[in-house]
Novice: 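Mind having a look at this structure? Questions to follow.
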Amino acid sequence: MTKTYLYWALVFVGLIITSLLLGSITLDSASFDWQLLSQTRIPRTIAIVLSGMSLSVAGVIMQMLANNKFVEPTTTGTVEWAILGMLLLLIFYPQASLTVKLSVSVLFSILGAMSFLLLIKKLHTRSIIMVPLVGIIYAGVIGAVVNFIAYQQDLMQFVWVWIQGDFSMILQGRYELLWFAGLLTCLAYFIADRFTIIGLGKNVATNLGLNYGYVFAIGITLVASVAGITVVIAGVLPFLGLIVPNIISLYYGDNLRRSIPLIACMGAMLALVCDILARILVHPFEIPVGVIMGVVGSAIFLGLLLRQTRHD
Amino acid sequence: MTKQAVPKLKLSPFTRLALLAVAVILACTLFLTWNVKASWAFTLEFRGQKLISMVLVGIFIAIATLLFQTISQNKILTPSIMGFDALYMLIQSVLIVLIGASGYSILNEYTKWAIEITIMTSMMLLLSKFLFRGSAQSIQLLILSGVVLGICLSSINGLVFRMMDPSQSVVAQDAFFASFSSPSIALVQLSYLLLAATFVYLFRYHHQLDVLLLGEQTAHSLGINYARLTQHLLILIAILVGMSTALVGPITFLGLLVVHLAYQLAGSYKHKILLPFAALLGVLVLVLGEFILQHLVSFNTRLSIVIECVGGLVFLALVIKQAKS
Amino acid sequence: MIEFKNVALSYGQKQVLKDINLTLADTGLTSIIGPNGSGKSSCLSLMSRLQKASAGEVLLDNSPIQQIPANQLAKKLSILRQDNHTNARIQVKDLITFGRYPYHQGRPSAEDLKIVEQCIEYVDLQAVQDRFIDQLSGGQRQRVFIAMVLAQDTQTILLDEPLNNLDIKHSVSIMKQLRQACDELNKQVVVVLHDINFAAHYSDTIIALKNGELVANGSPTDIMQDSVLSHIYDMPITVTNIQGKPTCLFYS
């Protein structure tokens with residue numbers, strides 16, 4: 001057991017080093033450029049690790065709140081709401097500072113997550129498949145509204161470019177708010193038990209003396225904040241929050257006290273792998289990491305779904 | 001609370017169908033002849049082409065959605081979410097990369113169509129082979145897998161697109177964004193063929209569709225080969241949606257909107273009525289919508305984008321309504 | 001002590017419970033019986049604050065149940081509902097440890113773990129304690145949830161059809177254990193049961209509901225009468241004495 005952990009820790013470190021060394025300018029002992037490292041490479045690597053961690057953990061919390069394993073912020077409209085908020089901000093208050101942008105994004109994400117969870121409460125379905133389907137359609141609806149507004153304002157191109165998850169523009173001074181997402185991830189770990197109990201259903205939670213509504217609200221805020229922050233800084237990173245918790249759950253179950261650290265590490269590693277792929281696939285150019293993650297993530301999601309069928 | 005009794009028009013389903021047909025003819029005439037400024041010959045040809053593609057798409061999407069809802073026994077789903085458009089685009093990209101931008105431009109329309117339809121139908125067959133266990137529940141899984149596969153394909157398409165050289169990407173962009181105005185002659189001919197085939201098939205089997213509404217087990221015990229019928233219908237749906245994507249590009253929520261109007265207005269659950277009713281409504285919504293957008297309101301937008309929004313709202317309303325009942 | 005004072009419950013137009021007055025003793029096993037849709041489960045939900053009464057009051061130890069702080073109440077009263085549907089994959093032992101949550105708030109002590117172990121033994125689940133709950137059979141899962149409620153170690157234990165999914169052997173063993181909890185630990189147990197004979201055999205008190213109204217409340221010998229049961233279930237039921245216990249026969 002310890003050996004497996006050690007092995008994975010080595011892989012993690014290896015990925016971080018690769019991420020630091022990789023880029024259009026090769027870093028080696030002959031041409032060591034400290035400034036390049038500190039201003040772009042290190043911030044970029046930190047940003048990837050933080051986004052990967054926090055999005056994966058946000059995903060598992062959303063799964064507990066929805067009592068469904070196949071949901072996460074990017075497949076349920078939360079992210080689309082954030083984009084809607086940003087688009088409106090761009091139209092009505094284009095000179096907004098980063099703080100204002102973030103607040104708006106988070107606020108709209110909260111609206112998005114809450115409306116989705118309300119929707120599936122209304123749906124009254126136990127079908128494990130209907131909930132993610134409704135989520136994806138709901139995301140499509142909000143996406144349609146975004147398209148409508150963007151088309152009116154001639155901002156389609158902008159939205160297209162902007163929503164693609166991409167770390168290539170990360171520089172020192174432009175990613176630091178991601179630390180806040182990291183902080184929220186730690187907070188999630190500290191109250192992990194509450195989220196696990198929420199995942200057991202409202203009746204069990206109430207029976208155990210948990211204030212269901214209160215924990216639910218904390219959960220939504222947490223998920224939405226992480227989604228909102230990462231969208232503003234890095235763009236949409238699809239499926240991370242879905243596949244990572246599902247894979248960890250296969251081996252270690254859903255007791256979040258145990259699984260959150262594993263989910264966070266695996267999320268960071270997967271994000272690193274995708275970002276490294278994004279940098280080497282068409283070297284010296286880059287592909288947005290969101291595209292790679294879309295391919296990898298949906299393929300794994302499909303695998304998980306097929307596995308589910310063999311189970312039933 | 002007591003509801004005030006509203007005197008309802010008691011019309012037989014056939015009368016309703018006839019009325020709708022008249023409305024469609026009126027709308028088409030209006031669309032063709034309203035406010036003609038250039039020469040009549042030119043306007044009629046220009047508008048006529050557009051009208052044809054709208055009529056075809058309206059019919060295809062409406063029928064595909066209705067069939068889809070019948071076999072999935074679920075009134076909030078639509079086949080357009082299943083990633084056919086993503087597959088369509090990916091096929092274009094791969095073709096461009098394989099035979100080059102110039103090769104793609106001179107590719108025979110019929111060959112291209114044959115390739116597209118073959119691949120789309122095979123995808124549906126593969127999906128249903130792996131996932132469809134002959135039960136209504138596995139259909140939901142089939143749908144979700146289709147949706148996720150669609151996302152996967154469109155991501156791959158994005159990847160391929162990024163790896164193209166500039167001349168290829170220009171051609172690709174053009175191929176992705178088809179619009180109502182420019183269906184090729186070959187495509188329209190093939191559409192007529194498909195229309196005829198669909199008509200014949202549904203004319204023969206529409207009564208079996210009514211039985212499907214009773215649920216899988218009842219259908220079985222009434223002697224219907226549920227698995228085979230469903231599989232055939234899925235393939236038909238795949239071709240219909242693929243065709244409409246080839247004609248005008250992806251439209252997600254039109255079907256949902258139209259089919260629900262049809263449930264409300266047709267006055268019958270029978271597919272004999274529902275199918276033509278939904279098809280006509282599909283045409284009416286598109287033609288009338290385009291007409292209004294073009295001539296009556298000066299709104300800088302595209303019809304497909306408006307329909308997406310309205311259809312999306314219909315979806316939300318449906319989920320909430322379902323909760324109340 | 002649980003008290004119902006003129007309690008009613010309705011969903012919109014539909015009245016589920018009508019004007020119930022009821023006092024349950026501090027200890028002992030009480031069964032609630034009645035036909036489908038008579039309001040048994042709703043009655044239990046009201047006792048456990050999972051639902052709020054539309055009218056009247058539910059009191060626990062003389063204070064309105066909705067006003068007792070959630071965490072305090074969780075140490076006095078526990079409930080197991082019928083539908084324990086969860087998609088979470090949790091190990092049996094972990095899940096039962098969550099039954100101790102009101103006491104440890106996420107950091108179980110050695111004592112908590114000891115109680116958990118006892119409960120696992122109690123319901124005979126040692127063999128599967130490290131499995132995930134989605135790998136268990138329906139009956140095993142039911143026992144896990146019962147163990148979880150037992151681990152909560154409350155004075156009052158409410159169970160909604162706990163014998164669902166259980167075979168005869170485990171049904172009997174669960175009822176025996178509940179009986180034992182009443183006799184040896186002075187607990188108060190309230191169960192909703194479908195099987196009248198189980199109710200008659202193990203209960204101190206039986207409460208019967210019909211169409212949302214309380215139609216009978218008494219000891220098993222009071223309830224196990226042809227006339228009473230026939231009235232409750234609207235069908236002829238004969239009670240016979242088998243080995244000194246009233247047993248009803250309804251296969252006519």
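Here is the naming used below: chain letters follow the sequence lines, and residue numbers restart at 1 for every chain.
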Novice: Top residue by heavy-atom pair count (under 4.5 Å) with chain C, among N67(A), N207(A), N203(A)?
Specialist: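 Among the listed options, the one with the most contacts to chain C is N207(A).
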Novice: Return yes if some donor-acceptor pair links the side-chain N/O of Y189(A) with the main-chain N/O of L256(A) below 3.5 Å, else return no.
Specialist: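 Answer holds: no.
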Novice: Sort by residue number and list every residue of residues 136-143 of chain C having at least one heavy atom under 4.5 Å from chain A.
Specialist: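 Answer by number: none.
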Novice: Do Y103(C) and D153(C) pass the side-chain contact (heavy atoms from CB on, under 4.5 Å) test, and can you show the C-alpha distance, the side-chain angles, and the key distance before you say yes or no?
Specialist: CA-CA 10 Å; Y103(C) 304 91; D153(C) 193 22; 4.2 Å; yes
Novice: OG1/T206(A) to CD1/I197(A) distance, rounded to the nearest 0.5 angstrom?
Specialist: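 Atom-to-atom, T206(A):OG1 and I197(A):CD1 are 11.0 Å apart.
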Novice: Please classify the contact of I191(A) with chain C as side chain, backbone, both or neither, using a heavy-atom distance under 4.5 Å.
Specialist: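 Neither part, no heavy atoms under 4.5 Å.
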Novice: Is it the case that the side chains of T27(C) and N186(C) hold a donor-acceptor pair, with the cut-off being a distance below 3.5 Å and no angle test?
Specialist: no
Novice: State the OG-CD distance between S109(A) and E80(A), to the nearest 0.5 angstrom.
Specialist: 10.0 Å
Novice: Would you check if there is a donor-acceptor pair between the side chains of D254(A) and Q63(A) at a distance under 3.5 Å?
Specialist: no
Novice: Taking side chain to side chain contact (heavy atoms under 4.5 Å, CB included) as the criterion, tell me which of L178(C), I174(C), V192(C) meets it with L159(C).
Specialist: L178(C)
Novice: With a sphere of 6.0 Å drawn around NZ of K202(A), does it hold more than 12 non-hydrogen atoms of other residues, nucleotides or ligands?
Specialist: no
Novice: In terms of relative ring orientation, are F301(A) and F70(A) parallel, tilted or perpendicular, with 30° and 60° separating the classes?
Specialist: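 Plane angle between 30° and 60°, so tilted.
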Novice: Would you mind checking which part of F132(C) comes under 4.5 Å of any heavy atom in chain A, side chain (CB onward), backbone (N, CA, C, O), both or neither?
Specialist: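 Contact with chain A involves the side chain of F132(C) alone.
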Novice: What are the residues of residues 65-80 of chain C, in order of number, with any heavy atom under 4.5 angstrom from a heavy atom of chain A?
Specialist: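 A70(C), N71(C), A74(C), L77(C), S78(C), I79(C), listed by number.
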Novice: Answer with yes or no whether the side chains of D112(C) and S109(C) bring together a donor and an acceptor at under 3.5 Å.
Specialist: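 Side-chain D/A pair, S109(C) to D112(C): present.
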Novice: In terms of heavy-atom pairs under 4.5 Å with chain C, which of L200(A), L250(A), N255(A), L208(A) leads?
Specialist: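 Among L200(A), L250(A), N255(A), L208(A), the one with the most close pairs to chain C is L208(A).
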Novice: Side chains of I248(A) and V60(A): does their closest heavy-atom pair fall under 4.5 Å?
Specialist: no
